[in-house]
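Written below as structure tokens is the structure these notes are about.
Note that this is a predicted model, so its numbers are computed, not measured. Here is the naming used below: chain letters follow the sequence lines, and residue numbers restart at 1 for every chain.
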Amino acid sequence: MLPTIPEIPLHPRAACTLLRSLSPSHLRQAQQLHSHTTISGDSLRYPLLVNHLISFYSRSGHPFLSSLVFSSALTKTHISYTSLASAFASNGLPHLSLSLFRTIHSLRLPLDDRALPIFAKACASAADARLGRCVHSLACRTGFSSNVFVGSSLVDMYAKSGHLFDARRLFDEMPVRNVVSWGGLIHGYSLSGETEMGLCLFREAVRDRDVGVNDFTLSCIVQMCGVDTLLELGAQTHALCLKTGFGSSSFVGSSLVSLYSRCGSVEDARRVFAGIGFKNLGAWNSMMVAFAVHGRTESAFWLFRLMGEAGVRPNFITFLSLLSACSHAGLVEEGKRYFAMMGDHGIEPGHQHYACMVDLLSRAGRLSEAVEFIINMPIEPPESAWGALLTGCRIHKDIKTAAFVAERLLALNSHASGLHMLLTNAYAAAGMYEEAAKARKAMRDRGVKKETGLSWIEFDSRVHTFVSGDRSHPLSGEIYQKLDELGEELERLGYVADTSVVLRDLGGEEKRRVAAHHSERLAVAFGLISFPADRPIRVMKNIRVCGDCHTVFKFMSRCTGRTIILRDNNRFHHFVGGSCSCGDYW
DNA sequence: CTAGGGTTAG
């Protein structure tokens with residue numbers, strides 16, 4: 001039910017009460033009320049009404065309307081200034097907020113315990129720790145530093161700007177801390193990748209009855225588990241979310257969806273998504289991403305329709321996921337359609353969208369079209385776009401285009417290791433080993449290092465990491481033995497090793513040995529000997545999965561009856577009963 | 001009337 005605004009003149013106080021009761025989506029009603037009060041002159045004269053209008057427009061995400069009210073008002077109090085500063089700070093305009101603070105300062109208006117947190121927030125959002133320190137010392141001078149709101153906002157400011165040491169010191173000095181102060185510090189450790197420290201604090205907060213955790217803390221921890229693909233710990237945290245009643249929060253839910261998706265379980269992701277009470281944009285997007293990386297293209301399209309029906313407007317992430325879903329399935333026309341649709345939604349394509357389009361076209365073998373697309377891009381083509389083009393060159397053995405990119409790379413003087421490796425691979429795939437060797441040499445000459453291939457697997461709350469030919473694992477003996485046994489069985493089933501994936505100049509037998517001991521194979525073998533028979537083997541890899549390993553896993557899933565889920569730098573591969581979910585299109 | 005933290009991508 002939408003509240004209707006009466007046509008009769010409203011007393012300013014009544015207008016304030018009404019504004020307070022409006023939800024952020026009632027923009028139209030607020031504007032109607034605003035125009036009434038402008039005609040009567042009330043909104044110019046009554047600071048109370050001015051302030052209410054400023055904060056309503058801020059809440060509904062329209063800081064410039066707040067600013068309009070502010071500048072037309074004849075009477076302003078320090079609260080009007082603070083409210084507008086808050087509108088800017090909460091709507092991604094920290095610099096406007098900060099300049100307003102300079103005005104407040106020069107007008108000698110009070111900077112109290114309400115204004116300081118906004119000030120700190122603006123510094124955090126602008127990642128300006130230097131100015132943040134000034135806020136801190138101002139808070140100390142004015143005696144507000146012991147205020148829990150002021151303190152928490154400063155902890156957050158230091159944490160966000162990467163000054164974890166200062167965040168911790170301030171946190172330790174705070175006389176009173178609450179769930180927000182704890183959450184801010186935990187978030188800081190999460191941002192700096194200090195998972196252990198973050199988890200430590202989290203456990204302490206859970207144990208402390210006076211502190212406790214809330215949806216913010218939980219979503220933060222789940223996110224950490226997701227980033228580190230810690231499925232076991234993440235699932236335990238999920239249980240805690242349910243126990244504490246935060247299981248259906250959209251923030252916690254989005255993080256959980258992302259956790260399960262990153263850990264390879266799109267089914268669990270879907271279950272969590274279904275249970276989210278009010279699904280906000282983040283929730284829809286996290287599910288969209290999950291469908292995209294798992295190659296559930298139809299589900300992604302379906303979700304997009306559902307989202308529209310729910311009245312949620314897609315943003316650039318939504319479209320990025322849709323485009324990558326199209327790319328994984330080779331659906332060029334659909335991809336073009338979604339790309340064009342962005343304009344209808346008023347979304348400017350970013351460099352990622354352009355790169356995704358190049359990826360879509362070139363994987364599908366439309367390399368000349370991809371080149372044309374790159375050349376006509378309204379922005380400087382990002383490195384990822386060149387990379388996508390090279391991937392297409394490798395798949396479709398297109399030497400001409402590869403040479404074209406090589407020239408551009410030279411001009412760009414790129415040091416991205418990935419690009420050089422892609423070029424090498426593109427030549428090697430077409431059997432041009434001399435060109436491949438040259439590309440490798442060019443890469444070495446520029447001091448570009450190849451990224452080491454790593455594969456990891458979680459077992460018993462520990463992450464086991466492998467590199468190619470690794471013998472450092474305690475179960476190394478068993479792992480290699482398992483691979484030998486399986487190798488023989490696979491050959492009986494018709495598997496023939498494809499050593500073209502090994503680019504080094506080695507003898508045939510030697511090449512076979514190298515490919516057979518790639519990091520992903522060691523990790524999968526470890527899973528095979530350690531996991532119970534019904535548990536899927538989930539392996540993560542930082543670079544692209546090797547073609548021969550991909551074939552091997554298909555055979556392995558058939559002869560062992562196990563499900564193998566492998567995530568590489570681009571997507572997930574689900575190997576079941578002899579085939580892969582990517583349909584060998586990757 | 002004005003106050004602190006976030007989800008989704010890379």
For Leu48(A), answer base if it contacts any base atom (sugar-phosphate contacts may also be present), sugar-phosphate if it contacts only those atoms, and nothing otherwise; contact means non-hydrogen atoms under 4.0 Å. base
Looking at every strand, decide which applies to Val180(A) at a 4.0 Å heavy-atom threshold: base, sugar-phosphate, or nothing. base
Show me, pair by pair, the donor-acceptor contacts under 3.5 angstrom made by side chains of residues 123-132 of chain A, not counting sequence neighbours?
unit_1: Asp128(A); atom_1: OD1; unit_2: Arg130(A); atom_2: N; d: 3.3
unit_1: Asp128(A); atom_1: OD1; unit_2: Leu131(A); atom_2: N; d: 3.0

When we call it a touch if two heavy atoms are under 4.0 Å apart, what does Arg13(A) touch: a base, just sugar-phosphate, or nothing? nothing
Exactly one of Ser80(A), Ser66(A), Ser83(A) clears side chain to side chain donor-acceptor pair (under 3.5 Å) with Asn51(A), and that residue is Ser80(A)
Below 4.0 Å from chain A heavy atoms, what is the first contacting nucleotide of DNA chain B and what is the last? dC1(B) to dA9(B)
May I ask you to say what Ser254(A) touches in the nucleic acid, namely base, sugar-phosphate or nothing, with a heavy-atom cut-off under 4.0 Å? base
Within a strict 4.5 Å, meaning less than it, do heavy atoms of the Phe273(A) and Trp284(A) side chains meet? yes
Assign Ser153(A) to base, sugar-phosphate, or nothing according to its heavy-atom contacts below 4.0 angstrom with the strands shown. sugar-phosphate
Closest heavy-atom pair and its distance - Val176(A), Val148(A): O-CG2, 3.5 Å
Check the angle between the aromatic planes of Phe101(A) and Phe119(A) and answer parallel, tilted or perpendicular using the 30° and 60° thresholds. parallel
Once you apply a heavy-atom cut-off of 4.0 Å, does Ser83(A) come out as touching a base, just sugar-phosphate, or nothing? sugar-phosphate
Angle class for the Phe301(A)/Tyr338(A) ring planes (parallel below 30°, perpendicular above 60°, tilted otherwise)? tilted
Looking for any heavy atom pair under 4.0 Å, which part of the strands does Asp156(A) touch: base, sugar-phosphate only, or nothing? sugar-phosphate
